[in-house]
Amino acid sequence: MLQVNEIRENFERACEGLRKRNIPNPDALLQQVMDMDDKRKQTQVERDSLQAESNALAKQIGQLMKSGKREEAETIKEQTAAIKSQVKALEEQYSSCENSLTQILYSIPNIPHESVPAGKSAEDNEVVLQDGQIPELSPTQKFPHWELIKKYDIVDFELGVKITGAGFPVYKGKGAKLQRALVNFFLDEAEKAGYHEVQPPIMINEESGYATGQLPDKEGQMYMASEDGLYLIPTAEVPITNMYRNEVLAEADLPKKNAGFTPCFRREAGNWGAHVRGLNRLHQFDKVEIVQITHPDKSYPTLEEMSLHVQQLLQKLKLPYRVLRLCGGDMGFTSALTYDMEVFSAGQERWLEVSSVSNFETYQSNRLKLRFKNQDRKTVLAHTLNGSALALPRIVAALLENNQSERGIKMPKVLVPYLGFEWIS
RNA sequence: AGAGGAGUGGCAGAGUGGUCGAUUGCGGCGGUCUUGAAAACCGUUGAACCGCGAGGUUCCGGGGGUUCGAAUCCCUCCUCCUCUGCCA
């Protein structure tokens with residue numbers, strides 16, 4: 001969540017940023033935040049001084065009791081009753097101030113970076129670059145992946161429906177091997193780029209959900225095991241970033257670079273339509289995630305570095321891709337700047353989002369209480385970033401569609417050592 | 001899952017109702033000594049919030065309670081250890 005002090009210091013910039021997110025009347029909203037914070041401070045001052053008074057009296061009583069002056073102690077005791085009830089009232093007022101301040105801050109998204117274009121929807125995203133060869137498929141061999149997987153019997157949706165429900169496919173034979181190969185390839189590449197591999201839990205508690213911003217914003221998007229109060233992760237970002245919740249790192253420890261493979265679970269409530277057939281949208285899918293914790297001065301160069309890492313994966317897989325700078329209206333709640341990577345899938349003739357790389361600046365670390373000690377020995381909030389590198393299903397879709405031919409589907413060279421075969425046929 | 005024990009500052013470990021934010025040791029930082037280092041000695045050493053400052057408030061696993069006053073008593077949750085049971 002946003003820091004009130006930052007809002008104070010950069011009021012105009014903050015308002016402008018929220019306008020980019022199409023938030024109506026940001027001036028009034030942020031003014032309200034500052035007023036609530038003022039109220040909070042004022043209440044704290046009142047409470048603290050009264051508490052100090054009460055503490056002093058208690059101390060006096062202690063001393064009197066010690067020296068045997070019972071009666072004097074009793075007299076002072078009587079005075080404390082009034083103060084005590086006042087303290088209690090102020091205490092309640094303070095926590096109600098704090099709660100409503102937190103509530104309103106939870107409802108305000110991150111301030112977009114200067115470079116974020118204004119815009120309402122995905123149509124206003126800015127194409128930063130496009131690379132790779134868009135394949136020209138013959139009209140007789142131009143199938144969408146949901147037909148190809150049936151033909152080669154490598155992913156079975158019906159079987160998944162039987163076991164679980166829609167959106168939980170069963171990968172079979174070479175389809176299953178392709179999953180395994182991609183995961184290993186992505187993890188190896190991440191390791192080469194200096195990421196430390198971790199395998200985190202795929203269920204998280206409520207606190208973790210709040211800390212990275214999935215809660216309360218995306219409550220309905222996560223599966224929940226209500227008996228135990230745990231959520232299935234929508235992305236490895238949540239457990240991996242939460243490894244650093246309530247930590248104070250040394251500046252020399254930065255950047256922290258972690259990568260992990262996990263299945264991801266999304267309810268995608270109300271998100272289904274004709275364009276989400278096959279592997280385009282699932283309730284469970286596999287993803288390798290890269291996460292960095294950086295010094296605030298380094299987070300934007302790091303974002304570029306991460307974007308480049310993802311692009312290199314796509315280049316190695318020989319997939320045509322483009323990079324989008326998301327507009328204010330399409331960007332995630334907690335992000336300050338997001339690049340989406342899309343691959344062109346020739347069977348559907350559509351661009352498919354396969355990665356999203358974001359800088360959250362201090363929005364997450366403020367909730368996480370993730371800080372580091374700087375050279376002046378001050379504890380300051382670190383910046384957090386993450387990105388998919390990569391999400392599997394749409395990569396699989398594009399690989400199948402783009403590499404199809406009469407002979408079968410040719411696997412990209414880099415995957416062959418992982419797969420042990422070259423063709424799905 | 002059942003029975004018992006325990007959670008205190010970076011770590012170890014005192015403290016069972018009143019100057020306890022907390023004895024002490026180790027570690028860390030600064031200094032004396034030294035050509036330099038070690039040893040020794042001296043000093044210093046948690047965090048958050050409010051305040052220009054002086055200073056104040058809060059924090060002894062989390063939350064709640066008793067009390068004029070709680071690390072210390074009570075309730076509850078969490079975690080760890082030991083034993084028993086179960087199980088990839």
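From a predicted model like this one, the values you see are computed outputs, not experimental measurements. A note on names: the letters A, B, ... follow the listed sequences, proteins ahead of strands, and every chain is numbered from 1.
Taking only side-chain atoms of A:Lys77, from C-beta outward, the nucleotide of B:C49, B:C50, B:C68 with the closest atom is B:C68.
Counting to the nearest Å, the C1' atom of B:C49 and the CD atom of A:Gln3 are 14 Å from each other. Regarding A:Met65, its CE atom lies at a distance of 14 Å from the P atom of B:G17, rounded to whole Å. Atom CD1 in A:Ile76 sits roughly 18 Å away from atom P in B:G18 (whole-Å rounding). Rounded to whole Å, the distance from CD on A:Glu71 to C1' on B:C68 is 17 Å. Put simply, CG on A:Asn246 is 19 Å from P on B:C78, counting in whole angstrom units. When the P atom of B:U79 is taken as reference, atom CD of A:Glu207 falls 13 Å away, rounded to whole Å. In this structure, A:Lys59 places its NZ atom 15 Å from C1' of B:G17, rounding to the nearest Å. Atom CD1 in A:Ile61 sits roughly 8 Å away from atom P in B:G69 (whole-Å rounding).
B:G30: Watson-Crick or G-U partner is B:C42, with both key distances under 3.5 Å. Nucleotide B:C60 forms a pair with no other nucleotide shown, judged by Watson-Crick or G-U wobble geometry with both contacts under 3.5 Å. With a 3.5 Å ceiling on both atom-pair distances, the Watson-Crick or G-U wobble partner of B:A3 is B:U82.
When each of A:Asn386, A:Thr338, A:Asp340 is checked for a side chain to side chain donor-acceptor pair (under 3.5 Å) with A:Ser356, only A:Asp340 meets the rule. Of the listed residues (A:Thr384, A:Thr212, A:Asn110), just one forms a side chain to side chain donor-acceptor pair (under 3.5 Å) with A:Gln364, and that residue is A:Thr384.
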Report each atom pair, protein N/O against N/O of nucleotides 44-48 of chain B, whose distance is under 3.5 angstrom.
{"unit_1": "B:A47", "atom_1": "OP1", "unit_2": "A:Lys373", "atom_2": "NZ", "d": "3.3"}
{"unit_1": "B:A48", "atom_1": "OP1", "unit_2": "A:Thr379", "atom_2": "OG1", "d": "2.7"}

Under 3.5 Å, N/O pairs linking protein and nucleotides 57-61 of chain B:
{"unit_1": "B:U57", "atom_1": "OP1", "unit_2": "A:Asn55", "atom_2": "ND2", "d": "3.2"}
{"unit_1": "B:U57", "atom_1": "O2'", "unit_2": "A:Asp48", "atom_2": "OD1", "d": "3.0"}

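Not counting sequence neighbours, the partners of A:Phe372 by the ring-ring contact (aromatic ring centres under 6.0 Å, His included) test are A:His295. For A:Phe421, the ring-ring contact (aromatic ring centres under 6.0 Å, His included) test picks out no residue, with sequence neighbours left out. Partners of A:Phe168 by ring-ring contact (aromatic ring centres under 6.0 Å, His included), not counting sequence neighbours, listed by chain and number: A:His283.
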- Please assess A:His383 against A:Tyr300 for the test ring pair (Phe, Tyr, Trp, His ring centres under 6.0 Å), listing each intermediate value before the final yes or no. CA-CA 10 Å; A:His383 281 195; A:Tyr300 280 96; 7.3 Å; no

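Residue contacts for A:Leu57: at a heavy-atom cut-off of 4.0 Å it reaches no nucleic acid atom on any strand shown. Residue A:Gln63 is classed as a base contact, given a heavy-atom separation below 4.0 Å to a base.
Residues A:Tyr231 and A:Phe265 keep their aromatic ring centres 6.0 Å or farther apart.
Residue A:Glu114 places its CD atom among 12 or fewer non-hydrogen atoms of other residues, nucleotides or ligands, all under 6.0 Å distant.
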Name the atoms and distances for all side-chain donor-acceptor pairs under 3.5 Å in residues 253-261 of chain A, with sequence neighbours left out.
{"unit_1": "A:Asp253", "atom_1": "OD2", "unit_2": "A:Ala250", "atom_2": "N", "d": "3.4"}
{"unit_1": "A:Lys257", "atom_1": "NZ", "unit_2": "A:Ala193", "atom_2": "O", "d": "2.8"}
{"unit_1": "A:Lys257", "atom_1": "NZ", "unit_2": "A:Glu305", "atom_2": "OE2", "d": "3.4"}
{"unit_1": "A:Asn258", "atom_1": "OD1", "unit_2": "A:His196", "atom_2": "ND1", "d": "3.2"}
{"unit_1": "A:Asn258", "atom_1": "ND2", "unit_2": "A:Tyr244", "atom_2": "OH", "d": "2.8"}

